[in-house]
Amino acid sequence: QVQLVESGGGLVQPGGSLRLVCTASGSIFSINAMGWYRQAPGKPRELVAAVTSDRSTNYADSVKGRFTISRDNAKNTVYLEMNSLKPEDTAVYYCNADLKTAAWSKSRFRWGQGTQVTVSS
């Protein structure tokens, strides 16, 4: 089985910073893209940032210049550095990976359970 586990969420004041970490474990053959999504109450889940295996990145307009996504391929880990946090960044943040195992003929999406980020004074 493949699992994605997130950490690093919590409560932070506006203007503060957090660093989210997600590590994929299990019998993983390869990982293509990894990304972070978030979902606020009553709103659909949205892409925050994504990074491909060659480290190309994509960001939502609302976080450009404030968030940075990166990955460590050797550790099957993706990071999200969040700076200058705003109350509107409050949401559950989910890690996602497009990956393959040796038994799969094509890649599949896997999700973490989510970590709460709350930005409040």
Would you compute the distance between atom [atom1] of [X] and atom [atom2] of [Y] and round it to the nearest 0.5 angstrom?
X    : Y   : atom1 : atom2 : value
R38  : K43 : CZ    : NZ    : 8.5 Å
N58  : L47 : CG    : CG    : 6.0 Å
S120 : D89 : OG    : CG    : 12.5 Å
Q3   : C22 : CD    : SG    : 11.0 Å
W36  : Y59 : CH2   : OH    : 13.0 Å
R71  : L80 : CZ    : CG    : 14.0 Å

>> Tell me whether Q1 at atom CD has more than 12 heavy atoms from other residues, nucleotides or ligands lying less than 6.0 Å away.
In response: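 Incorrect, the count does not exceed 12.
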Can you give me the closest heavy-atom contact between [X] and [Y], atom names plus distance?
X   : Y    : value
A97 : I31  : CB-CG2, 4.3 Å
L4  : N96  : CD2-C, 3.9 Å
A91 : Q39  : CB-O, 3.5 Å
E6  : Q113 : OE1-N, 3.1 Å

> Can you pull the salt bridge (Lys or Arg N to Asp or Glu O under 4.0 Å) pairs that have at least one residue in residues 92-120, sequence neighbours excluded?
Replying inline: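 As it turns out, there is no salt bridge (Lys or Arg N to Asp or Glu O under 4.0 Å) pair with a partner in residues 92-120 once direct neighbours are skipped.
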>> Between S107 and L99, is the side-chain contact (heavy atoms from CB on, under 4.5 Å) condition met? List the steps.
In response: CA-CA 5 Å; S107 62; L99 54 81; over 6 Å; no
> Counting only N and O atoms by type, is there a donor-acceptor contact under 3.5 Å from the side chain of S62 to the main-chain atoms of A60?
Replying inline: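 No, because the side chain of S62 does not come within donor-acceptor range (under 3.5 Å) of the backbone of A60.
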> Which pairs with one or both residues in residues 87-121 pass ring pair (Phe, Tyr, Trp, His ring centres under 6.0 Å), sequence neighbours excluded?
Replying inline: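 As it turns out, the ring pair (Phe, Tyr, Trp, His ring centres under 6.0 Å) pairs with a partner in residues 87-121, which skip direct neighbours, are Y37-W111.
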> Between M82 and V48, is a side-chain contact (heavy atoms from CB on, under 4.5 Å) present by the stated rule, with each step listed?
Replying inline: CA-CA 11 Å; M82 303 185 294; V48 178; over 6 Å; no
> Does the side chain of T90 reach to within under 4.5 Å of the side chain of V119, using non-hydrogen atoms?
Replying inline: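 Yes, their side chains come closer than 4.5 Å.
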> With side chains defined as the heavy atoms from C-beta onward, is the minimum distance between I28 and N76 less than 4.5 Å?
Replying inline: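 I28 reaches N76 side chain to side chain.
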>> Pair C95, V78 - check side-chain contact (heavy atoms from CB on, under 4.5 Å), show working.
In response: CA-CA 8 Å; C95 177; V78 61; 3.8 Å; yes
For residues 13-21, which side-chain N or O atoms pair as donor and acceptor with protein atoms under 3.5 Å away, sequence neighbours left out?
unit_1, atom_1, unit_2, atom_2, d
S17, OG, N83, OD1, 2.9
R19, NH1, E81, OE2, 2.6

> So, T101 versus S27: side-chain donor-acceptor pair below 3.5 Å or not?
Replying inline: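 Result is no, nothing qualifies.
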>> The test is side-chain contact (heavy atoms from CB on, under 4.5 Å); show your working for L11 and V117 and say whether it passes.
In response: CA-CA 6 Å; L11 175 64; V117 172; over 6 Å; no
